[in-house]
Amino acid sequence: MHIVKIIQESVINVLEKLYHQPFHATDFQINQTKAEFEGDYTVVLFSLLKKTKLAPAKLGEDIGQALLVSQPQIYASCNIINGFLNFTIADEFWLDYLTKNSSIAKPGKQEANGKKVMVEYASPNTNKPLHLGHLRNIFLGWSIAEILKYSGYQVLKGCIVNDRGIHICKSMIAWQKFANGATPQSTGIKGDHFVGEYYVKFNDEYKKQVNEGLAKGLDKETAEKNAPILLEAQDMLLQWEAGDTEVKTLWNKMNGWVYEGFDVTYKKLGSDFDRMYYESNTYLLGKEIVQQGINKNVFFKKEDGSVWIDLEKEGLGEKLVLRKDGTSVYITQDIGLAQQRYDEEKIDRCIYVIGDEQNYHMKVLQEIAKHMGLPYADDIYHLSYGMVELPGGRMKSREGTVVDADDIIDEMENVARTKTEELGKVKDFTTAELENLYHIIGVGALKFFLLRVDPKKKMIFNPEESIDFHGFTGPFIQFNHARIKSILRKNEIDETVKPSGSFLPLEKELVVLLERFGTTVAQANEEMNPAALAIYIYQLSKTFSSFYNEHSIACAETTEKKQLRLMLSRATANTIKAGMNLLGIDVPERM
RNA sequence: GGUCCGGUAGCUCAGCUGGAUAGAGCAUCAGCCUUCUAAGCUGAGGGUCAUUGGUUCGAAUCCAAUCCGGAUCACCA
């Protein structure tokens, strides 16, 4: 059991015995004691004063003395300053924690809880390559999936590919018009980038035609709606829906190029999926489900034949789910997919990793699921994350201000290469080992950079400054792991010797932090927030770094000290590795 | 206009279920490698926590109003 929980329970116990009334965990707070005071954990007494009708000094004295007497194996000493009751936890407790956990590779991992959850993430369109925003999504999705697994869930990673619609038709039209049969193979361009180029070409041509229309005296709206190339794209979409062979063949071919490109990128990121869903399949299912919903009075039909749901009561207005011509809209496929997932997988929860620009859409989807009576409707969770912006504002593909995913990955690996060569610490590595190391460090820097910020908040990426390798970064943490591993290779831990003795301040700081890992994972799980973990791992690494500089491990004052420090080191390395893996980041043995 | 989110050091971010003197990194400055990996360590400077009022023993944190920025409110996806 975690120390905070232990303190909580024993304080409640003592309070009830002393004052003969019920107390709850929410009646008082337990914090880590501030560095400037003596102690490890602090019970804040203020909130208990009214209920007990006592002065803080007296109350603190009562609780403190009772615990020192009843549980000396946990509470070594205490002091009361103002309304703060500071406990020093017995060395025995920390030594015991270390002995039991320092060799465990995945400390605090939970037993299976029998619950099944799907994490839907990535969900790209197939008309252009991935950019930095997608990376935030992918890293978040992966990390949340790992955190859920660690917390005992069975996890399925799902991806809905938006493979049909006007966007891909635009690329297709442009390819027909301008490519002269060029392919990724003939040009040597990665498939997703290749198709993206034609999406850009479409927009260029479209803009040109709109301007021509304006020059001919058309008003803006007419010029925009009637540009010939746009009409062609819309026409192509109709042909696609009608199942036109030629269009479908081209569609398959171009999507295929995109998938080949995506696969390369996913592989570099170490990202994969257990279930792939394609909009070209799910949109039809969505229509069916809506039809069934009409019969159940979840949806209603208007005179013109369009189908709606009334969410006025929920404050979301009326929402269209099927057009008057019977074709599906964006949300229709999500309705179908939500049902399909339940039917096929019987999931208990579904986590949608989707940008905060779709908050309204996701609220509507959840309400629809509730109205349809989907068993897990209440457990649909929108992991809403903020956009990645540049110093000048949002990334816009039309203005060429997107940070391409493949480019940034390459850049990070190159920086890793340059820095590693400058430091010259791994001269005996083979070429393959070096490539692997650059990859681990470069991608690690990128992932950590995107995951260390609270997902809910938008974040700014400055390409000028790029991503640092010093301080609060992935490489700093990886470096500390490698450094510990180096020590552990040179110094053996004698498993038969129980560590003993007292802790110096930095040793204590380390062990207290190590003990907090489990609660931090739990917090990241509850809040759906990998950043909480990232911050924790950094704090742990930083503390280790100070400890390392302050005290010698290999040449400790006594053999007991050496044993204790080696165990602290091993536990730190294991915790760093487990934590980083929960962020989807690998850590090297040497760097 | 309705709804929602945000505003903390020069920059990027923690802290926000109220608690002790508001913390990190980067950048700036000063020290530290003949000892376990210096991608490091130690120290210094840097803040009207957007503003104003309220709640209370106590507010960056909760409430209200205001100012600023953003998202969204499509028979687009």
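Protein chains get the first letters and strands the later ones, always in sequence-line order, with residue 1 at the start of each.
Counting non-hydrogen atoms under 4.0 angstrom, A:R394 reaches the backbone sugars and phosphates but no base. Counting any heavy atom pair closer than 4.0 Å across all strands shown, A:S552 reaches a base atom. Counting any heavy atom pair closer than 4.0 Å across all strands shown, A:K457 reaches a base atom. Across all strands, A:L423 comes closer than 4.0 Å to base atoms (heavy-atom distances).
Between the base of B:A20 and the side chain of A:T42 there is a donor-acceptor pair shorter than 3.5 Å. In the interface, the side chain of A:D325 is not paired with the base of B:C75 through any donor and acceptor atom under 3.5 Å apart. In this model, no side-chain donor or acceptor of A:N127 finds a partner on the base of B:A77 within 3.5 Å.
Distance from the side chain of A:F476 is smallest to B:C41 among B:C41, B:G18, B:U37. Side-chain proximity of A:Q358 to B:A20, B:A77, B:A14: nearest is B:A77. Comparing B:C75, B:A20, B:C36 by their closest approach to the side chain of A:D304 singles out B:C75.
For the pair A:R323 and B:A74, the criterion of a side-chain N or O lying under 4.0 Å from OP1 or OP2 is not met. Using a 4.0 Å cut-off, some side-chain N or O of A:Q29 falls inside it from OP1 or OP2 of B:G18. When the side-chain nitrogen and oxygen atoms of A:K425 are compared with OP1 and OP2 of B:A39, one or more of them lie within a distance under 4.0 Å.
Base orientation of B:C33: syn, since the glycosidic angle falls within 90° of 0.
Taking a pair to require two hydrogen-bonding distances under 3.5 Å in either a Watson-Crick or a G-U wobble arrangement, B:C36 remains unpaired. The partner of B:G46 cannot be assigned: no Watson-Crick or G-U wobble pair with both contacts below 3.5 Å exists in any strand. Under the Watson-Crick or G-U wobble criterion, with both distances below 3.5 Å, B:C62 is paired with B:G54. The nucleotide B:G1 finds its pairing partner in B:C73, both defining distances of the Watson-Crick or G-U wobble pair being shorter than 3.5 Å.
Atom P of nucleotide B:U3 and atom CD of A:E314 are separated by 17 Å, given to the nearest angstrom. The separation between A:Y360 atom OH and B:A71 atom P is 18 Å, rounded to whole Å. The nearest whole Å value for the distance from the OH atom in A:Y538 to the P atom in B:G23 is 15 Å. The distance from atom NE2 of A:H361 to atom P of B:U3 is 23 Å, rounded to the nearest whole Å. The distance from atom NZ of A:K319 to atom C1' of B:C76 is 10 Å, rounded to the nearest whole Å. Going from atom CD of A:E357 over to atom C1' of B:G6 covers 16 Å, rounded to whole Å. The distance from atom CD of A:E550 to atom P of B:G43 is 9 Å, rounded to the nearest whole Å. Here B:C4 presents its C1' atom at 6 Å from NZ of A:K363, a figure rounded to the nearest Å.
Closest heavy-atom contact between A:P588 and A:H481: O-ND1, 2.9 Å.
Under the 30°/60° scheme for interplanar angles, the aromatic rings of A:Y536 and A:F517 are found to be tilted.
Along RNA chain B, the nucleotide nearest to A:L85 and the one nearest to A:E279 differ in position, and the one closer to the 5' end is contacted by A:L85.
For B:A20, the base is stacked against the aromatic ring of A:F37, per a cut-off of 5.5 Å between centres and 30° between planes. Look at A:F84 and the base of B:A20; the rings stack, centres closer than 5.5 Å and planes less than 30° apart. Applying the 5.5 angstrom centroid cut-off and the 30 degree plane-angle cut-off, the aromatic ring of A:F46 is stacked upon the base of B:G19.
The gap from the P atom of B:A65 to that of B:A22 amounts to 30 Å, rounded to the nearest Å. When the P atom is used for both B:A9 and B:U61, the distance is 15 Å, rounded to whole Å. For B:G54 and B:U42, the C1' atoms lie 45 Å apart once the distance is rounded to whole Å.
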